[in-house]
Undergrad: 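Input: one structure, supplied below.
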Amino acid sequence: MKTMLSTWLRRPVLPTALAAGLLLPGCGSGLFPEPESQELPVYQVSQAEQVWATPYRLGEEWRFRNAAGYERRYQVKGLADQQLPGIALGSQRVQYYRQGLSARLERVDSGYVARPDQDKYLATFSMKAAVPKTTELLTVELTWGPSRLQLPATAQPAALPADVRLLPTATLGTRQYQNVWEYTSLLTSAARVPAGAVRQVYYTKENGVVRFVEANGTVWDRQ
């Protein structure tokens, strides 16, 4: 676990204007507390929860292949470890900070050509620590193509949404996995969708995405 965490950035990232405001005297009436005020609590992601971030190591590639032998590659291009400010409802002052881990993946295979009006294919991962005695629960999310997945970091199998199920074991392609989360129906519109839209995603805590299925039925398995 220490090896994985060493790749995450360890300094808070704040907008430049806000960061500069912290250094100016007489700015105690702004968003951030005065220097003489008591130290604010900082809530961290626990070591047990950090397992959800293990698939994201800077420079690591996720390789997928379909039945026709074509390959797609996604690479972890960016990581961040931030202290995110928490502002209570009806207040303009920061009450606490919560740790936020995030990662960005880009598609890097030669078969992908971005149009001038289209950003490079990005997948993003984010994780935010829970804040006790508030509504701020531990949240873990993945954006894969146009789909935004809530990863069930705190949910019991019986409490999963209807379109998510836990597979205790699954053989996907040539590899076998334990505890696979299957997102069974990501296409919510009855209208025609592009052939490349994603309709199913299979995910594990240790590996990240291990299979995805496009709207036209093409299956991409992790290699």
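Sequence positions, counted from 1, serve as the residue numbers for this chain.
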Undergrad: Backbone N or O of Asn207 within a donor-acceptor pair of the Arg222 side chain at under 3.5 Å?
TA: yes
Undergrad: Should Trp181 and Pro152 count as side-chain neighbours, where that means a heavy-atom distance under 4.5 Å?
TA: yes
Undergrad: Is the closest side-chain heavy-atom distance between Val45 and Met127 below 4.5 Å?
TA: yes
Undergrad: Could you tell me the separation between the CZ atom of Arg73 and the CG atom of Leu105, rounded to the nearest 0.5 Å?
TA: 13.0 Å
Undergrad: Under a single-linkage definition using a 4.5 Å side-chain heavy-atom cutoff for Ile, Leu, Val, Met, Phe, Trp and Tyr, are Val219 and Tyr70 assigned to the same hydrophobic cluster?
TA: no
Undergrad: Is Gln178 close to Thr204 at the side-chain level, that is, under 4.5 Å between some pair of heavy atoms?
TA: no
Undergrad: Do Ile87 and Tyr43 share a hydrophobic cluster (ILVMFWY, side-chain heavy atoms under 4.5 Å, transitive)?
TA: no
Undergrad: Should Leu172 and Tyr177 count as side-chain neighbours, where that means a heavy-atom distance under 4.5 Å?
TA: yes
Undergrad: Between Tyr203 and Leu151, is the side-chain contact (heavy atoms from CB on, under 4.5 Å) condition met? List the steps.
TA: CA-CA 9 Å; Tyr203 192 97; Leu151 302 180; 3.6 Å; yes
Undergrad: Less than 4.5 Å apart, any side-chain heavy atom of Arg211 and any of Arg175?
TA: no
Undergrad: If we only count heavy atoms from C-beta on, is the Thr143 to Glu141 side-chain gap below 4.5 Å?
TA: no
Undergrad: Can you name the nearest heavy-atom pair linking Gln176 to Thr171, along with the distance?
TA: NE2-OG1, 3.6 Å
Undergrad: Where do Ala153 and Leu138 come nearest, in terms of heavy atoms and distance?
TA: CB-CD2, 3.9 Å
Undergrad: Once rounded to the nearest 0.5 Å, what's the spacing between atom CG of Leu142 and atom CZ of Phe125?
TA: 8.0 Å
Undergrad: Please answer: with hydrophobic residues joined when any side-chain heavy atoms are less than 4.5 Å apart, are Val140 and Val210 in the same cluster?
TA: no
Undergrad: Are the side chains of Leu84 and Lys128 in touch, meaning some heavy atoms are under 4.5 Å apart?
TA: yes
Undergrad: I need the Thr174 OG1 to Asp221 CG distance, nearest 0.5 Å.
TA: 7.5 Å
Undergrad: Spell out, yes or no, whether Val51 and Trp62 are grouped together once hydrophobic residues are joined by side-chain heavy atoms under 4.5 Å, including indirect joins.
TA: yes
Undergrad: Enter the distance from Gln200:CD to Phe212:CZ here, rounded to the nearest 0.5 Å.
TA: 12.5 Å
Undergrad: Dump the intermediate steps for side-chain contact (heavy atoms from CB on, under 4.5 Å) on Arg107 and Arg72, then the final yes or no.
TA: CA-CA 7 Å; Arg107 187 172 163 185; Arg72 289 188 183 176; 3.5 Å; yes
Undergrad: Under the side-chain contact (heavy atoms from CB on, under 4.5 Å) criterion, do Lys205 and Thr54 qualify, and how do the steps go?
TA: CA-CA 7 Å; Lys205 287 191 292 186; Thr54 57; 5.7 Å; no
Undergrad: What pair of heavy atoms forms the shortest contact from Val198 to Ser147, and how long is it?
TA: O-OG, 4.0 Å
Undergrad: How close do Val201 and Leu149 get, counting heavy atoms only, and between which atoms?
TA: CG1-CD1, 3.8 Å
Undergrad: Evaluate side chain to side chain donor-acceptor pair (under 3.5 Å) for Glu214 paired with Trp220, printing each intermediate quantity in order.
TA: CA-CA 8 Å; Glu214 295 177 320; Trp220 296 88; 3.2 Å; yes
Undergrad: Yes or no on side-chain contact (heavy atoms from CB on, under 4.5 Å) for Leu167 and Arg165, after CA distance, side-chain angles and deciding distance?
TA: CA-CA 7 Å; Leu167 308 177; Arg165 63 175 180 169; 3.8 Å; yes
Undergrad: Which distance, rounded to the nearest 0.5 Å, do you find between the OG1 of Thr218 and the CG of Asn66?
TA: 6.5 Å
Undergrad: Verify, without hydrogens or angle tests, whether Gln82 (side chain) and Gly100 (backbone) share a donor-acceptor contact under 3.5 angstrom.
TA: no
Undergrad: Can you find a heavy atom in the side chain of Leu166 that is under 4.5 Å from one in the side chain of Val180?
TA: no
Undergrad: Please give me the minimum heavy-atom distance between Pro55 and Gly208, naming the atom from each residue.
TA: CG-N, 3.5 Å
Undergrad: Would the Tyr74 and Phe64 ring centres measure less than 6.0 Å apart?
TA: yes
Undergrad: If only atom types and distance count, is the side chain of Glu60 paired as donor or acceptor with the main-chain N or O of Arg57 below 3.5 Å?
TA: no
Undergrad: Please determine whether side chain to side chain donor-acceptor pair (under 3.5 Å) holds for the pair Arg98 and Tyr96, giving the CA-CA distance in whole Å, both sets of side-chain angles, and the decisive distance to 0.1 Å.
TA: CA-CA 7 Å; Arg98 62 192 300 212; Tyr96 55 82; 5.9 Å; no
Undergrad: Specify the closest pair of heavy atoms between Trp144 and Val209, including all atoms of both residues, with the distance to one decimal.
TA: CE3-CG2, 3.9 Å
Undergrad: Would a single hydrophobic cluster contain both Leu160 and Leu137, if residues Ile, Leu, Val, Met, Phe, Trp and Tyr are joined by side-chain heavy-atom contacts under 4.5 Å?
TA: no
Undergrad: If we ignore hydrogens and angles and just use 3.5 Å, is the side chain of Thr184 paired with the main-chain N or O of Asp163 as donor and acceptor?
TA: yes
Undergrad: Would you compute the distance between atom CD of Gln95 and atom CD of Glu136 and round it to the nearest 0.5 angstrom?
TA: 12.0 Å
